[in-house]
A.B. asks: 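Have a look at this one before I ask anything.
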Amino acid sequence: MNLDQILRTEIQRAVSTLFSQSLQDFQVQPTNQEFDGTHTLVCFPLTKISRKSPEETAKLLGEYLVQHSGITERFNVVKGFLNLELKDSVWIEVFQSIHANANFGQLPFHGREIMIEYSSPNTNKPLHLGHLRNNFLGFSVAEIFKANGYKVHRVQIINDRGIHICKSMAAWRLFANGETPESSNMKGDHLVGKYYVVFDKTYKSQVNDLVGKGMAEQEAEKEAPIMKLAVDMLRKWEQKDSDIVALWRTMNSWVYDGFNATYARMGVEFDKLYYESETYLLGKEEVLKGVEKGVFFRKPDGSIWVDLTPDGLDQKVLMRSDGTSVYMTQDIGTAILRFTDFPNIVGQVYTVGNEQEYHFKVLFLILNKLGFEWAKSCFHLSYGMVDLPTGKMKSREGTVVDADELMQEMVNEAERQTRELGKIEGWSEDETRPLFEMIGLGALKFFLLKVDPKKRMLFDPNESIQLQGFTGPFIQYTHARIRAILRKAAQMKISVAAKDLKNLTTLEPAERDALNVLSLFESKVQEAAREYSPAIIANFAFELAKEYNKFYQNIPIFSEDDQVKLRFRVAFSESVADAIKKAMSLLGIAVPDRM
RNA sequence: GGUCCGGUAGCUCAAUUGGAUAGAGCAUCAGAUUUCUAAUCUGACGGUUCGGGGUUCGAUUCCCUGCCGGAUCACCA
């Protein structure tokens, strides 16, 4: 049953009876903690219809609802706010429908498909903190769309070619003496990343030398031998030089091995991979077609441009005068390729940092101009940078928070704190390892997802390993405690069927409060998809855990004499545990049965 | 300089898209464990919502203006 819907219908009926006018848009909001009730009707906008003061309007509606609606127990009016207390019987009915619904929180499949892109790293260095936010966000949004009844295609485009990987290749050739991941016992992505840093250091010192010898800085940057080597490698790669291509393949394969290990630990997956080396030439045809259609224009030097000044933007180059393509050209081609690969998708979500907002604005505009209907449903899931207390991360200088290291630290911290609490005595290694992973990764994911994606956020290592308060482990702990109750109930042979709940007539305030939060789950799942925001789910999960903990603290379960109440509380705990588990899985976070 | 984000408690973040006396967590202080897991719960302290105007029953939210921080405006990706 949909409580909101029923309540809205009742309110509309009350308004049309009392004021003989129909009411379309009106606001029902949660009641503030300090007042009695759970639902509040804001009556100020209704005064036009009622032709009475807000207070009087609220009072009349309240009286009507109590007498006629059958769902309202009491009401109170504060200024123009009508606070409604619903009957316990209504809450019990709400709970019954939740408890009976194994798919609570999962909306039915409606046939629409959507593509969600995330991660999309360069292959010259390991993943870092920014990638963690990106991956967790993208993966979570994909889960949220699934829960909203979509079929989701998770993809990434791997930026496997270009000057960046050639830099690592150049430095490796010069300095590595044939070092491999096996020979150095180093993860492949870290090994390649190491030579990217070596490149940068070498490059800088070579530029300095040249400048010291009197060369202009700009010229020195072009003339530095190691840079010339990298550029030469890129040129040869484009000519399919077999030696360079072989090196490129080898080094990329090291990186993929490393990435796969990182993704596995992160718990993210992809349904299809795109490689830039296979797509970077796409889009040229579309651009040429666009010229014919008159959407784009050619400048005298042969370069092709789009004029976006009518849209308040600038002119943008789409093909260089030498006929080669740019980033935008590739993205046009790739977008079209994806809609060809997956003809049923209704849109694409690009999980990419907010520094590319302009790029995507332009991309979507261009696709629109080219006449692609689906361009309207493309969305840039833009997220803010993750800052460190010490300042910015610089990957070229190697001053990044490495994803692998950070995950390991989180797991270590989880282990340290768990051992300190002494709750795992007698556990085997096979049991403790997964638990530490769950807690460590849960803390990290929750920390990165609880903040509104579009906001820039601060990553304070000391605070992030907190396991108390508004954290993943707090919620995991709540789940584990509930599972303990359910284990005990099973031992006592208490299993709850729907008919056991029929005789329940009243609820404790703490039960009502927690149930009220629980009942919001599905609307939060919808809201999270509408806003592309896992933060909404994170906040919901926290609220639910908090309300349950209050209930847990105040209301005994097994010492309750009334068997009807006892059974309800067990069933209720079961539903809360289930919702917590589902909500957390929407964030990509696993919850333990004991901790 | 143009454009786009952001500025809320000491710190990190919320605020149902215009609603009530702006809420949580952390930190600080004071309490709760013969009881289903204290990674918990209860309470206290903490605010000129960056400043100034405007719109209205009502503004953290919308408009104007100024200040601060960031991103972006490449024939880079």
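If you're wondering where the values come from, they're calculated on a predicted model, not measured in any experiment. Throughout, protein chains are lettered first and strands after them, A, B, ... in sequence-line order, and every chain is numbered starting at 1.
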A.B. asks: Do you know the tightest heavy-atom contact between I482(A) and S573(A)?
C.D. replies: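 So the two residues come closest at CG2-O, 3.1 Å.
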A.B. asks: List the residues meeting side-chain hydrogen bond (donor to acceptor under 3.5 Å, both in side chains) with D513(A), not counting sequence neighbours, and say none if there are none.
C.D. replies: none
A.B. asks: Kindly point out which of rU17(B), rC4(B), rC13(B) is positioned nearest to the side chain of M457(A)?
C.D. replies: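 Closest nucleotide among those given: rC13(B).
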A.B. asks: Within this structure, what is the CE-to-P distance between M385(A) and rG70(B), rounded to whole angstrom?
C.D. replies: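 These atoms are roughly 10 Å apart.
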A.B. asks: One character per nucleotide, please: for nucleotides 27-39 of chain B, 5' to 3', B when the base has a protein heavy atom closer than 4.0 Å, S when only the sugar-phosphate does, - otherwise.
C.D. replies: ---------BBSB
A.B. asks: For D452(A), which contact category applies under a 4.0 Å heavy-atom criterion: base, sugar-phosphate, or nothing?
C.D. replies: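 Sugar-phosphate, backbone atoms only, no base.
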A.B. asks: Partners of R567(A) by side-chain contact (heavy atoms from CB on, under 4.5 Å), sequence neighbours excluded?
C.D. replies: I494(A), V496(A), D500(A), Q563(A)
A.B. asks: For the residue pair T471(A) and F446(A), what are the closest heavy atoms and their distance?
C.D. replies: C-CD2, 3.6 Å
A.B. asks: Map K361(A) and V28(A) onto RNA chain B by nearest heavy atom, then report which one ends up closer to the 5' terminus.
C.D. replies: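 Result: K361(A).
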A.B. asks: Got R416(A) and E420(A) here, is their nearest side-chain heavy-atom distance under 4.5 Å?
C.D. replies: yes
A.B. asks: Please list each protein N or O that sits under 3.5 Å from an N or O in nucleotides 7-10 of chain B, with the distance.
C.D. replies:
| residue | atom | partner | partner atom | Å |
| --- | --- | --- | --- | --- |
| rG7(B) | OP1 | K455(A) | NZ | 3.4 |

A.B. asks: Does a side chain donor of either Q526(A) or E522(A) reach within less than 3.5 Å of an acceptor in the other side chain?
C.D. replies: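 On atom types as modelled, these side chains do not qualify, holding no pair under 3.5 Å.
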A.B. asks: Kindly indicate, with the supporting measurements, whether the criterion salt bridge (charged side-chain N to carboxylate O under 4.0 Å, His left out) is fulfilled by R594(A) and E431(A).
C.D. replies: CA-CA 10 Å; R594(A) 54 182 94 212; E431(A) 291 169 319; over 6 Å; no
A.B. asks: Who passes salt bridge (charged side-chain N to carboxylate O under 4.0 Å, His left out) against D189(A), sequence neighbours left out?
C.D. replies: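 D189(A) satisfies salt bridge (charged side-chain N to carboxylate O under 4.0 Å, His left out) with K187(A) only.
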A.B. asks: Between rG53(B) and rA59(B), how many Å separate the two P atoms, rounded to a whole number?
C.D. replies: 14 Å
A.B. asks: Does any donor atom in the side chain of N252(A) or T123(A) lie under 3.5 Å from an acceptor atom in the other side chain?
C.D. replies: yes
A.B. asks: Starting at CG of N539(A) and ending at C1' of rA24(B), how long is that distance when rounded to a whole Å?
C.D. replies: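 That distance rounds to 9 Å.
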A.B. asks: Less than 4.0 angstrom between a side-chain N/O of N549(A) and OP1 or OP2 of rU40(B), yes or no?
C.D. replies: no
A.B. asks: Answer with yes or no whether the side chains of S120(A) and Y274(A) bring together a donor and an acceptor at under 3.5 Å.
C.D. replies: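 Y274(A) vs S120(A): no donor-acceptor pair found between side chains.
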A.B. asks: Pick one for rU28(B): is it syn, with its angle within 90° of 0, or anti?
C.D. replies: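 With its glycosidic angle more than 90° from zero, rU28(B) counts as anti.
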A.B. asks: Can you list, in residue-number order, the parts of residues 510-529 of chain A that come under 4.0 Å of RNA chain B, counting heavy atoms only?
C.D. replies: none
A.B. asks: Considering only the P atoms, how many Å lie between rU17(B) and rA30(B), rounded to the nearest integer?
C.D. replies: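 To the nearest whole Å, 41 Å.
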A.B. asks: Quote, to the nearest angstrom, the C1' distance that separates rG23(B) from rU8(B).
C.D. replies: 11 Å
A.B. asks: Going by the rule salt bridge (charged side-chain N to carboxylate O under 4.0 Å, His left out), which residues pair with R338(A) if we only count those two or more places apart in sequence or in a different chain?
C.D. replies: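 Scan of R338(A) (salt bridge (charged side-chain N to carboxylate O under 4.0 Å, His left out), adjacent residues dropped) gives E117(A).
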A.B. asks: Would you measure the distance from the C1' atom in rC13(B) across to the matching atom in rG66(B) and give it in whole Å?
C.D. replies: 27 Å
A.B. asks: Can you tell me the pairing partner of rU12(B) across any strand shown, Watson-Crick or G-U wobble, with both distances under 3.5 angstrom?
C.D. replies: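 rU12(B) is paired with rA24(B).
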A.B. asks: Check this for me, if you would: do D200(A) and K204(A) make a salt bridge, where the nitrogen-to-carboxylate-oxygen distance has to be below 4.0 angstrom?
C.D. replies: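 Looking at D200(A) and K204(A), the cut-off is met.
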A.B. asks: Can you list every pair that meets ring pair (Phe, Tyr, Trp, His ring centres under 6.0 Å) and has a residue in residues 33-55 of chain A, with sequence neighbours left out?
C.D. replies: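 Ring pair (Phe, Tyr, Trp, His ring centres under 6.0 Å) check on residues 33-55 of chain A returns F44(A)-F81(A).
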A.B. asks: When the P atoms of rA22(B) and rG51(B) are considered, how many whole Å apart are they?
C.D. replies: 15 Å
A.B. asks: Using Watson-Crick or G-U wobble geometry with both distances below 3.5 Å, tell me the partner of rU37(B), or none.
C.D. replies: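 Pairing partner: none.
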A.B. asks: Taking the C1' atom of each, how far is rU55(B) from rU65(B), in whole Å?
C.D. replies: 15 Å
A.B. asks: Who is the Watson-Crick or G-U wobble partner of rA71(B), with both distances under 3.5 Å?
C.D. replies: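 Paired with rU3(B).
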A.B. asks: rA24(B) and rC41(B): how far apart are their C1' atoms, nearest whole angstrom?
C.D. replies: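 It works out to 15 Å between them.
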A.B. asks: Can you give one letter per nucleotide of nucleotides 72-77 of chain B, going 5' to 3': B for a protein heavy atom under 4.0 Å from the base, S for sugar-phosphate only, - for none?
C.D. replies: SS-BSB
A.B. asks: What is the separation between atom CD1 on I537(A) and atom C1' on rU16(B), rounded to the nearest whole Å?
C.D. replies: 14 Å
A.B. asks: Using the side-chain hydrogen bond (donor to acceptor under 3.5 Å, both in side chains) criterion, which residues pair with H359(A)? Sequence neighbours excluded.
C.D. replies: D331(A)
A.B. asks: Holding to salt bridge (charged side-chain N to carboxylate O under 4.0 Å, His left out), I want the full list of residues that pass it with K454(A), two or more places apart in sequence or in another chain.
C.D. replies: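 If we apply the salt bridge (charged side-chain N to carboxylate O under 4.0 Å, His left out) test to K454(A), skipping adjacent residues, the hits are D452(A).
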A.B. asks: Using the C1' atoms only, state how far rC63(B) lies from rG18(B), rounded to an integer number of Å.
C.D. replies: 13 Å
A.B. asks: When the ring planes of Y196(A) and F199(A) are compared, do they come out parallel, tilted or perpendicular, using 30° and 60° as the limits?
C.D. replies: parallel
A.B. asks: Using 30° and 60° as the class boundaries, would you call the ring planes of F360(A) and Y350(A) parallel, tilted or perpendicular?
C.D. replies: tilted
A.B. asks: Starting at CD of E357(A) and ending at C1' of rG6(B), how long is that distance when rounded to a whole Å?
C.D. replies: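 About 11 Å, once rounded to whole Å.
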A.B. asks: Roughly how many Å is it from CZ in F446(A) to C1' in rU12(B), rounded to a whole number?
C.D. replies: 13 Å
A.B. asks: Tell me: CD of Q33(A) to P of rA15(B), nearest whole Å?
C.D. replies: 17 Å
A.B. asks: Base, sugar-phosphate or nothing for Q491(A)? Non-hydrogen atoms, less than 4.0 Å.
C.D. replies: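 Since no nucleic acid heavy atom lies under 4.0 Å of Q491(A), the category is nothing.
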A.B. asks: Can you tabulate the close N/O pairs, meaning under 3.5 Å, that link protein atoms to atoms of nucleotides 18-20 of chain B?
C.D. replies:
| residue | atom | partner | partner atom | Å |
| --- | --- | --- | --- | --- |
| rG19(B) | OP2 | Q27(A) | NE2 | 3.4 |
| rG19(B) | O2' | Q29(A) | NE2 | 3.3 |
| rA20(B) | N7 | Q29(A) | NE2 | 3.4 |
| rA20(B) | N6 | T40(A) | OG1 | 2.7 |
| rA20(B) | N6 | N83(A) | OD1 | 3.1 |
| rA20(B) | N1 | N83(A) | OD1 | 3.0 |
| rA20(B) | N1 | N83(A) | ND2 | 3.3 |

A.B. asks: Please name the nucleotide paired to rG19(B) by Watson-Crick or G-U wobble geometry with both distances under 3.5 Å, or report none.
C.D. replies: rC57(B)
A.B. asks: Atom CG of L388(A) and atom C1' of rC11(B): how far apart are they, to the nearest Å?
C.D. replies: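 Computing the L388(A):CG to rC11(B):C1' distance gives 16 Å.
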A.B. asks: Whole angstrom is fine here: how far is it from NZ in K546(A) over to C1' in rA14(B)?
C.D. replies: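 So the NZ-C1' distance, K546(A) to rA14(B), works out to 10 Å.
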A.B. asks: Assess the side chains of R481(A) and N549(A): does a donor N or O sit below 3.5 Å from an acceptor N or O?
C.D. replies: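 R481(A) vs N549(A): donor-acceptor pair found between side chains.
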A.B. asks: Taking any strand in view, what nucleotide pairs with rG46(B) in a Watson-Crick or G-U wobble way, both distances under 3.5 Å?
C.D. replies: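 Checking every strand shown, rG46(B) finds no partner, since no pair has both distances under 3.5 Å.
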A.B. asks: Could you tell me whether K59(A) and E55(A) make a salt bridge, using a distance below 4.0 angstrom between a side-chain N and a carboxylate O?
C.D. replies: no
